[in-house]
Amino acid sequence: MTTTTSIELLIESVRAWAEVARRVVVLTGAGISTESGIPDFRGPQGVWTKDPAAEKLSDIHYYVADPEIRKKAWQARLAHPAWSARPNAGHAALVELERRGKLHALITQNIDGLHQKAGNSPGRVIEVHGTVHDVVCLACGWKGPMQATLDRVRAGEADPPCDCCGGVLKSDTVSFGQALVPEVIERAMQAAAEAELFLSVGTSLRVYPVAGTVSAAKQSGARVVIVNAEPTPFDAIADAVFYGAIGETLPRIVGMADTIT
Ligand code: APR
């Protein structure tokens with residue numbers, strides 16, 4: 001007779017919560033994309049973990065002030081792993097959740113577009129930190145597709161200015177020091193408050209205001225489940241915490257993987 005471990009019992013409980021919940025809200029962070037080859041920030045192999053100075057240099061003020069930083073940024077964008085990354089089993093689990101009519105909102109801190117690439121409806125994905133697939137002019141607000149501006153960089157423009165006003169161009173992502181879009185944050189907070197089940201997946205929950213969506217959900221009576229390789233500051237208030245790999249755990253929570261034997 002196989003013994004059912006405590007984690008399998010916990011997965012069974014969460015799967016039952018997901019079954020009865022009419023509105024599941026999911027918050028994702030960089031951890032859901034590492035299995036697609038995109039490094040996270042604060043995990044053991046994270047971008048900030050490996051190069052603490054990089055976090056400081058990612059501040060918008062350095063980017064606007066220093067053309068050399070912009071030139072390096074455009075070279076990095078040419079080689080961004082998002083262009084070749086493919087969604088993984090974790091992303092697929094969230095597509096299945098939407099297919100079943102359970103996904104009320106998918107709040108993501110990620111800029112890689114993998115949720116949409118996996119098949120989640122763009123209208124249901126709230127990109128609170130923007131997207132690397134678009135470019136914005138910091139002066140006039142012009143927006144366009146990233147690949148068209150990357151073509152200019154490939155053609156030799158090391159720091160391409162805005163065609164409309166000559167201003168500084170940047171990926172349409174929110175850097176430290178840059179304002180978040182209030183309507184987007186409000187939408188995320190509202191969705192969290194409407195959740196019956198709130199899944200936090202692959203985020204260290206260290207960056208506000210988005211980490212506050214966990215409290216908003218909890219205070220509105222939602223069950224909170226955290227799936228993350230490392231502890232987070234919200235583990236103590238969660239109804240269930242899984243320290244496993246997302247690609248393995250999330251499909252089982254959603255009920256996609258083989259039934260538990
Ligand atoms: N399975 C489970 N957990 C994982 C996996 C995985 N395969 N890979 C990474 N993780 C966990 C890491 O242990 C880490 O705790 O995912 C978490 C990712 O946390 P961060 O690197 O802090 O990323 P995130 O929470 O998305 O950062 C928020 O900070 O730098 C800013 O704007 C950036 O959107 C980002 C924000």
Side-chain angles (χ1 to χ4, degrees), residues 7 10-11 14 26-60 62-63 73 76-77 80-82 85-94 106-115 118 125-133 170-181 184-185 188 192 198-215 224-235 238 240-254 257:
I7 191 159
L10 196 58
I11 284 180
V14 175
V26 183
L27 167 67
T28 62
I32 197 170
S33 294
T34 56
E35 293 171 55
S36 295
I38 301 179
D40 64 11
F41 298 97
R42 300 174 186 82
Q45 299 304 318
V47 174
W48 305 152
T49 310
K50 286 182 170 176
D51 179 2
E55 184 167 12
K56 185 163 148 271
L57 286 176
S58 73
D59 187 290
I60 188 68
Y62 291 101
Y63 184 84
R77 288 174 190 136
H80 199 290
R86 299 175 54 74
N88 61 58
H91 297 102
L94 301 183
L106 204 180
I107 305 162
T108 188
Q109 300 169 91
N110 299 340
I111 59 170
D112 55 35
L114 284 182
H115 290 303
V125 180
I126 305 173
E127 293 178 311
V128 291
H129 292 162
T131 175
V132 75
H133 294 276
K170 180 182 172 297
S171 63
D172 190 16
T173 56
V174 181
S175 300
F176 288 115
Q178 224 178 336
L180 293 155
V181 179
V184 172
I185 298 304
F198 188 90
L199 304 180
S200 175
V201 178
T203 170
S204 60
L205 292 173
R206 300 259 292 277
V207 174
Y208 284 80
V210 179
T213 53
V214 181
S215 307
V224 170
V225 176
I226 295 176
V227 183
N228 201 57
E230 297 168 290
T232 80
F234 289 82
D235 291 4
V241 180
F242 297 94
Y243 293 129
I246 292 162
E248 195 268 327
T249 307
L250 203 51
R252 293 175 70 192
I253 286 174
V254 170

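Whatever order the structure lists them in is the order used to number ligands and atoms, beginning at 1.
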Restricting to non-hydrogen atoms, name the atom on [X] and the atom on [Y] that form the minimum distance, rounded to 0.1 Å.
{"X": "Thr49", "Y": "Gly43", "value": "OG1-O, 2.6 Å"}
{"X": "Ala238", "Y": "Ile226", "value": "CB-CD1, 3.8 Å"}
{"X": "Asp112", "Y": "Val132", "value": "CA-CG1, 4.4 Å"}
{"X": "Trp48", "Y": "Arg42", "value": "NE1-NH2, 3.7 Å"}
{"X": "Thr203", "Y": "Asn228", "value": "N-OD1, 3.2 Å"}
{"X": "Pro251", "Y": "Ala89", "value": "CG-O, 3.8 Å"}

Does the residue [X] have a heavy-atom contact with ligand 1, meaning some pair of atoms that are separated by less than 4.0 Å?
{"X": "Tyr243", "result": "no"}
{"X": "Gly46", "result": "no"}
{"X": "Gly244", "result": "yes"}

Query - Positive for side-chain contact (heavy atoms from CB on, under 4.5 Å) with Ile32, one of Thr108, Leu94, Ile38, Asp40 - result: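 For Ile32, the side-chain contact (heavy atoms from CB on, under 4.5 Å) check succeeds only for Leu94.
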Query raised in the report: So, Asn88 versus Ser36: side-chain donor-acceptor pair below 3.5 Å or not?
Result: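 Their side chains do contain a donor-acceptor pair, which is all the 3.5 Å distance test asks for.
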How far is [atom] from its nearest protein heavy atom, and which residue and atom is that?
{"atom": "atom 18 (C) of ligand 1", "result": "Gly202 O, 3.4 Å"}
{"atom": "atom 10 (N) of ligand 1", "result": "Gly31 CA, 3.6 Å"}
{"atom": "atom 19 (O) of ligand 1", "result": "Ser204 N, 3.2 Å"}
{"atom": "atom 13 (O) of ligand 1", "result": "Glu230 OE1, 2.5 Å"}
{"atom": "atom 25 (O) of ligand 1", "result": "Thr203 OG1, 2.7 Å"}
{"atom": "atom 35 (C) of ligand 1", "result": "Phe41 CE1, 3.7 Å"}
{"atom": "atom 7 (N) of ligand 1", "result": "Glu35 OE2, 2.7 Å"}
{"atom": "atom 32 (O) of ligand 1", "result": "His129 ND1, 3.4 Å"}

Going by distance only, is there an N or O of [X] that falls short of 3.5 Å from an N or O of ligand 1?
{"X": "Ala229", "result": "yes"}
{"X": "Asn110", "result": "no"}
{"X": "Ile246", "result": "yes"}
{"X": "Ala30", "result": "yes"}
{"X": "Val174", "result": "no"}

**Report entry** Point-to-point distance, once rounded to the nearest 0.5 Å, from CD1 of Ile7 to OH of Tyr243
**Finding:**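 That separation rounds to 11.0 Å.
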**Report entry** For Phe176, atoms of ligand 1 separated by under 4.0 Å from a heavy atom
**Finding:**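 Going through ligand 1 atom by atom, the ones under 4.0 Å from Phe176 are 30 (O), 31 (C).
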Report task. Could you tell me which atoms of ligand 1, counted from 1 in the order shown, lie closer than 4.0 angstrom to a heavy atom of Ala245? Result ->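 Listed by number with element: 1 (N).
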Just going by heavy-atom distances, which of [options] is nearest to [atom]?
{"atom": "atom 27 (O) of ligand 1", "options": "Arg206, Arg42, Gln109", "value": "Arg42"}
{"atom": "atom 17 (C) of ligand 1", "options": "Thr34, Asn228, Val227", "value": "Asn228"}
{"atom": "atom 9 (C) of ligand 1", "options": "Ile38, Leu27, Asp40, Thr108", "value": "Asp40"}

**Report entry** Heavy-atom donor-acceptor pair, Ser200 side chain to Val227 backbone, under 3.5 Å
**Finding:** no
Query raised in the report: Backbone, side chain, both or neither: what part of Val207 comes under 4.0 angstrom of ligand 1, heavy atoms only?
Result: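 The side chain, only.
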Query raised in the report: Are side-chain heavy atoms of Thr213 and Val128 found at a separation under 4.5 Å?
Result: no
Report task. Decide yes or no for Leu205 and Leu27: does some side-chain heavy atom of the first lie under 4.5 Å from some side-chain heavy atom of the second? Result -> yes
Query raised in the report: Does the pair Glu35 and His91 meet the rule for a side-chain contact (heavy atoms from CB on, under 4.5 Å), with working shown?
Result: CA-CA 10 Å; Glu35 293 171 55; His91 297 102; over 6 Å; no
